[in-house]
Amino acid sequence: SGINIIGLSLSLSLCLLIASIVAEQLSFDNFHQHRENIYRVKCTTYQPDGTFYKMASVPAVVGSYLQESVAGVDRVVTLNAELKGDLKGNDKILPFQGLYASEEFFNVFSFPLRSGRETQALAQPYSIVLTRTTASNYFGDADPVGQVMTLPQVGELKVTGLMDDPPRNSSIKFEGLVSFVTLEQLERQGAVRSITQNWNDVNRSYVFFTLQPSRAVSTIEQSLNKRAATQYTRDYEDRLHFELFAYTDWQDNEAYGNEIAMRVPGLALWALVGFGLVITLFAGLNYATLTVARALTRAREVGIRKVVG
């Protein structure tokens, strides 16, 4: 009896744990209001020696090309993850890791501002939006909008917004956002390498977009790869092929590296589900086997008593 109870309890507990992990992973990014119309760009990089790599990051210039040259694209968000350093504000200096984000960020993603204007928060150079935790580390409960902070290699940044921390089930994690036009300004000043207009920089930029009504994703993908065919023509260069995915498709990250945030791949989730089912099956079989064995033992005892009288 004790073995049965312990075995079933452990198996059910493990299954509940696996179920909670799977449920959390399947809920990723479901809080975005326009999630069904958000797509992201990924790419496969083909090198001259024939090897290739699947990348979740793409050249940042893909974002401006989609917005300016491809019909059917509504709003575009370009992110760059090279923003980090010791952020200074209110006489405090703390490690900081954030993202450069284009001004459509709050129109595409559902990260509401608690203070500031969503349409203007990331519109001007040297603007920064802080998460609630980051802001409290510097300014306590006070509204940080209007304060000036300093980040090495970027300069002085004016706080233009305050937002809640990204939810646990968000695939985009950050401590703050700096306007993407700041990165463009730094490039013009020679403070950083060429990123925003460089078709060969595939390392740390990510592009998302929404579609206009009645537009097909396949058409956008064809237009983008037609541009890539004219861009990557030299034999010694890497060649890029672009693919488009629905943002909430949790299976699209199976073979793509350099993700903006790590998630459990779909194959691993199915493996967890299978593992849980196997454990439950074995626990059930063990319970049935022990119950039958005990019943047979009891039947033998009853038989002997009947014979003895």
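We count residues from 1, following the sequence as given.
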Can we call the ring centroids of Y46 and Y232 under 6.0 Å apart? no

Strictly under 6.0 Å, is that where the ring centroids of Y100 and F180 end up? no

What distance do [X] atom [atom1] and [Y] atom [atom2] have between them, rounded to the nearest 0.5 Å?
X    : Y    : atom1 : atom2 : answer
K226 : Q231 : NZ    : CD    : 16.0 Å
N258 : S205 : CG    : OG    : 10.0 Å
E156 : K158 : CD    : NZ    : 12.0 Å
I260 : S170 : CD1   : OG    : 8.5 Å
E259 : S57  : CD    : OG    : 8.5 Å
C43  : R239 : SG    : CZ    : 14.5 Å

Which atoms form the tightest heavy-atom contact between S171 and F28, and what is the distance? N-CD2, 3.9 Å

Please report the closest heavy-atom contact between L79 and A101, naming both atoms and the distance. CD2-CB, 3.5 Å

side-chain contact (heavy atoms from CB on, under 4.5 Å) between V70 and Y65, intermediate numbers included: CA-CA 7 Å; V70 179; Y65 175 75; 3.6 Å; yes

Just do the salt bridge (charged side-chain N to carboxylate O under 4.0 Å, His left out) check on E68 and R227 with the steps written out, would you? CA-CA 13 Å; E68 298 168 4; R227 176 65 178 87; over 6 Å; no

Is K42 positioned over the aromatic face of F245, cation under 6.0 angstrom from the ring centre and no more than 45 degrees off axis? yes

Pair R193 + E82: basic N to acidic O under 4.0 Å: yes

May I ask you to decide whether R114 forms a salt bridge with D164, counting only side-chain N to carboxylate O separations under 4.0 Å? yes

Passing candidate, side chain to side chain contact (heavy atoms under 4.5 Å, CB included) with F209, options V62, V73, V77, V108: V73

So which of T45, L224, T44 actually passes side chain to side chain contact (heavy atoms under 4.5 Å, CB included) with L240? T45

Would you please test Y206 and L99 for side-chain contact (heavy atoms from CB on, under 4.5 Å) and show each step? CA-CA 10 Å; Y206 306 85; L99 298 169; 6.0 Å; no

Hey, what's the ring geometry for H32 with Y247, parallel, tilted or perpendicular (30° and 60° as the breaks)? tilted

Is a donor on one side and an acceptor on the other found under 3.5 Å between the side chain of T160 and the backbone of A121? yes

Going by atom types only, do [X] and [Y] share a side-chain donor-acceptor pair under 3.5 Å?
X    : Y    : value
Y138 : Q147 : no
E187 : T196 : yes
T133 : S136 : no

Taking the side chain as every heavy atom from C-beta outward, state whether L183 and V154 have any atom pair closer than 4.5 Å. no

With a 4.5 Å heavy-atom cut-off, do L130 and F139 have their side chains touching? yes

When you look at L87 and L151, which way does the side-chain contact (heavy atoms from CB on, under 4.5 Å) test go after all the steps? CA-CA 5 Å; L87 182 63; L151 188 65; 4.0 Å; yes

Run the salt bridge (charged side-chain N to carboxylate O under 4.0 Å, His left out) check on E104 and R75 step by step: do they pass? CA-CA 7 Å; E104 293 283 9; R75 302 177 186 272; 2.8 Å; yes

Partner set under salt bridge (charged side-chain N to carboxylate O under 4.0 Å, His left out) for R168, not counting sequence neighbours: E24

Pair V61-N198, side-chain contact (heavy atoms from CB on, under 4.5 Å): steps then yes or no: CA-CA 6 Å; V61 67; N198 186 353; over 6 Å; no

